[in-house]
Amino acid sequence: MKPINIRLLAWYDSHARTLPWRVSPGEGRQGVLPDPYHVWLSEVMLQQTTVATVGPYFEKFIAKWPTVKNLAACDLEDVMKAWAGLGYYSRARNLKACADKVASEHDGKFPQTAAELQKLPGIGPYTSAAIAAIAFGERTTVVDGNIERVSTRHTANSTPLPQVKEHCREFMDRVTPADRPGDFVQAMMDLGATICTPRNPACSLCPINDDCQGHIQQIAEQFPVKAPKKPKPTRVGAAFVAQRPDGAIWLTKRPNKGLLGGMSVVPTTGWTASKNGATGYAAAPIVGDWIPHGHIRHTFTHFHLELEVWSAHVNMLPGDGWWSLQHQIGGEALPTVMKKVISAVADDLFKVPK
DNA sequence: AATTCGGGGAA
DNA sequence: TTCCCAGAATT
């Protein structure tokens, strides 16, 4: 039987997905490597985020900032606005910090080894290895969620995550070729995304099913084994949409660290396990004729949130913040939960093109 | 080693 | 609903 990398690369040459950050399949087969800036940007966006979600954001960023130097030259606030809705907002701040460092310390050229890349903000073990392999052809050992699934199934390894990750690394070190390492890791990831899927894997179509223990024993779907997850608690609070007579909405900025760090929000109460202290309009940032708009629900990584939504027409508010005019709101750095809140008051505000 | 970070698509 | 996604940083 041919080695795994031979079978996988042959499959990749005929089945590779065409994605915005990849070179064309024809170029790829001729050994053309993609732009490191594109690879880096896509890899950071793809951290815990699906290809379908990333696509439009990637296109928007490339159009707005064609090079890493362009990104370094812009304001962080513009990056936060462009990243709004994509989630995990520390990625956006690290993205900017990384661009600044590449521009100022490396003359706008990304380091070419995984070891050097990992010294940059927002680039960890996975992303450094992926960029080095895909953009520079280094024979690194890449392990992501797809590869964890493919490799644990191939070896029928029932060690639970995250301990099994080291075995996955050894598996990859054993099978990754020195020639076309970037295409190989992308082939592994495409395989995991399209055939070796979490549920109902299409084993009959898999190019490496002949020596896959998961397939042979008909137990592929049970890997990887994971520790049971904790239930998500629910937190509650109230949000206040203050509107000026001209329709502008009062926004404030979250601190740069923690949940929704650096993002723009309307004033809210604290988000607590249960209602405590002042609630409803009694907790509003200013006395006024607050009108109830029901509540919105939103789920974060580790808790559910239920927010009462209130609105009122006011002329001024205390504290730090600014009035955002209706035509500006779509361009603000608003996380999705805040778009839900504002939509509950003015449901047509985000239907206008940004 | 555990926890904290968003959001959306699929089943 | 639950799961999981081209994970990193922090504690």
Side-chain angles (χ1 to χ4, degrees), chain A residues 17 19-22 34 38-58 80 83-95 97-98 117-135 140-150 160-163 165-166 168 172 182-194 196-201 221 223-224 226-234 254-263 265 297-305 333-340:
Chain A
R17 294 174 293 173
L19 301 172
W21 43 89
R22 288 181 174 173
H38 293 186
V39 175
W40 163 71
L41 179 61
S42 66
E43 290 298 345
V44 173
M45 287 183 166
L46 286 163
Q47 289 165 5
Q48 294 293 289
T49 309
T50 57
V51 166
T53 300
V54 165
Y57 282 88
F58 177 84
M80 303 310 290
W83 196 277
L86 195 52
Y88 286 148
Y89 297 102
S90 65
R91 290 186 299 174
R93 288 192 300 281
N94 284 331
L95 187 84
C98 183
L117 285 162
Q118 198 170 338
K119 295 177 182 174
L120 297 167
I123 300 183
Y126 162 77
T127 306
S128 59
I131 297 173
I134 296 169
T140 59
T141 54
V142 178
V143 179
D144 77 321
N146 290 302
I147 292 173
E148 286 169 0
R149 191 166 54 253
V150 172
L161 284 169
Q163 296 95 314
K165 209 171 176 103
E166 184 52 35
C168 297
M172 285 301 281
D183 285 347
F184 177 76
V185 302
Q186 291 182 95
M188 284 286 287
M189 294 190 284
D190 276 20
L191 187 71
T194 62
C196 197
T197 49
R199 280 173 288 190
N200 301 317
E221 195 168 357
F223 302 106
K226 299 189 175 184
K229 296 183 177 180
K230 295 179 180 177
K232 291 182 182 182
T234 296
R254 303 259 303 183
N256 266 334
K257 291 190 175 183
L259 187 68
L260 306 179
M263 300 301 284
V265 294
R297 293 179 137 280
H298 188 76
T299 299
F300 292 99
T301 305
H302 54 291
F303 66 92
H304 303 287
L305 177 65
L334 291 170
T336 298
V337 62
M338 284 301 139
K339 293 189 177 183
K340 288 184 183 177

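When reading the values below, keep in mind they use all heavy atoms of this one structure, side chains included, and skip hydrogens, waters and symmetry mates. Letters go in sequence order (proteins before strands), and every chain restarts at 1.
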Under-3.5 Å N/O pairs linking protein and nucleotides 9-11 of chain C:
from	atom 1	to	atom 2	distance (Å)
C:dA9	OP1	A:Gly122	N	2.5

Closest non-hydrogen contact found for A:Asn146 with A:Met188 is CB-O, 4.5 Å
Taking the six-membered ring for Trp, are A:His298 and A:Phe300 ring centroids under 6.0 Å apart? yes
Modelled atom types, side-chain donor and acceptor of A:Gln47 and A:Tyr126, under 3.5 Å: no
Are A:Arg91 and A:Asn94 close enough that a side-chain donor and a side-chain acceptor fall under 3.5 Å? no
Could you work out the separation of [N] and [M] based on their [atom1] atoms and round it to a whole Å?
N: B:dG6; M: C:dT11; atom1: P; value: 15 Å
N: C:dA6; M: B:dC5; atom1: P; value: 23 Å
N: B:dG9; M: C:dA8; atom1: P; value: 24 Å

Base, sugar-phosphate, or nothing for [X], non-hydrogen atoms under 4.0 angstrom?
X: A:Trp21; result: base
X: A:Lys165; result: nothing
X: A:Arg93; result: nothing

Would you say that [X] contacts [Y] through its side chain, given a criterion of any heavy-atom pair below 4.5 Å between the two side chains?
X: A:Gln186; Y: A:Arg22; answer: yes
X: A:Leu46; Y: A:Trp21; answer: yes
X: A:Leu19; Y: A:Phe58; answer: no
X: A:Leu41; Y: A:Leu95; answer: yes
X: A:Tyr88; Y: A:Val44; answer: no
X: A:Leu260; Y: A:Met338; answer: no

Minimum-distance nucleotide (side-chain atoms of A:Leu19 versus B:dT3, C:dA6, C:dG7): C:dA6
Considering only side-chain heavy atoms of A:Thr127, which listed nucleotide, B:dG6, C:dA6, C:dG7, is closest? C:dG7
Please state how far atom [atom1] in [X] lies from atom [atom2] in [N], giving the value in whole angstrom units.
X: A:Gln163; N: B:dA2; atom1: CD; atom2: P; value: 7 Å
X: A:Trp40; N: C:dA6; atom1: CH2; atom2: P; value: 20 Å
X: A:Lys230; N: B:dA2; atom1: NZ; atom2: C1'; value: 7 Å
X: A:Gln186; N: C:dA6; atom1: CD; atom2: C1'; value: 9 Å
X: A:Met338; N: B:dG6; atom1: CE; atom2: P; value: 12 Å
X: A:Met189; N: C:dC4; atom1: CE; atom2: P; value: 19 Å
X: A:Leu46; N: C:dC5; atom1: CG; atom2: P; value: 13 Å
X: A:Arg91; N: B:dG6; atom1: CZ; atom2: P; value: 9 Å

Check this one for me: any side-chain N or O of A:His302 less than 4.0 Å away from OP1 or OP2 of B:dT3? no
Atom pairs, N/O to N/O, protein against nucleotides 7-11 of chain B, distance under 3.5 Å?
from	atom 1	to	atom 2	distance (Å)
B:dG7	OP1	A:Tyr89	OH	2.7
B:dG7	OP1	A:Thr336	N	2.8
B:dG7	OP2	A:His298	NE2	2.7

Residue whose nearest DNA chain B nucleotide is more 5′ - A:Pro162 or A:Gly261: A:Pro162
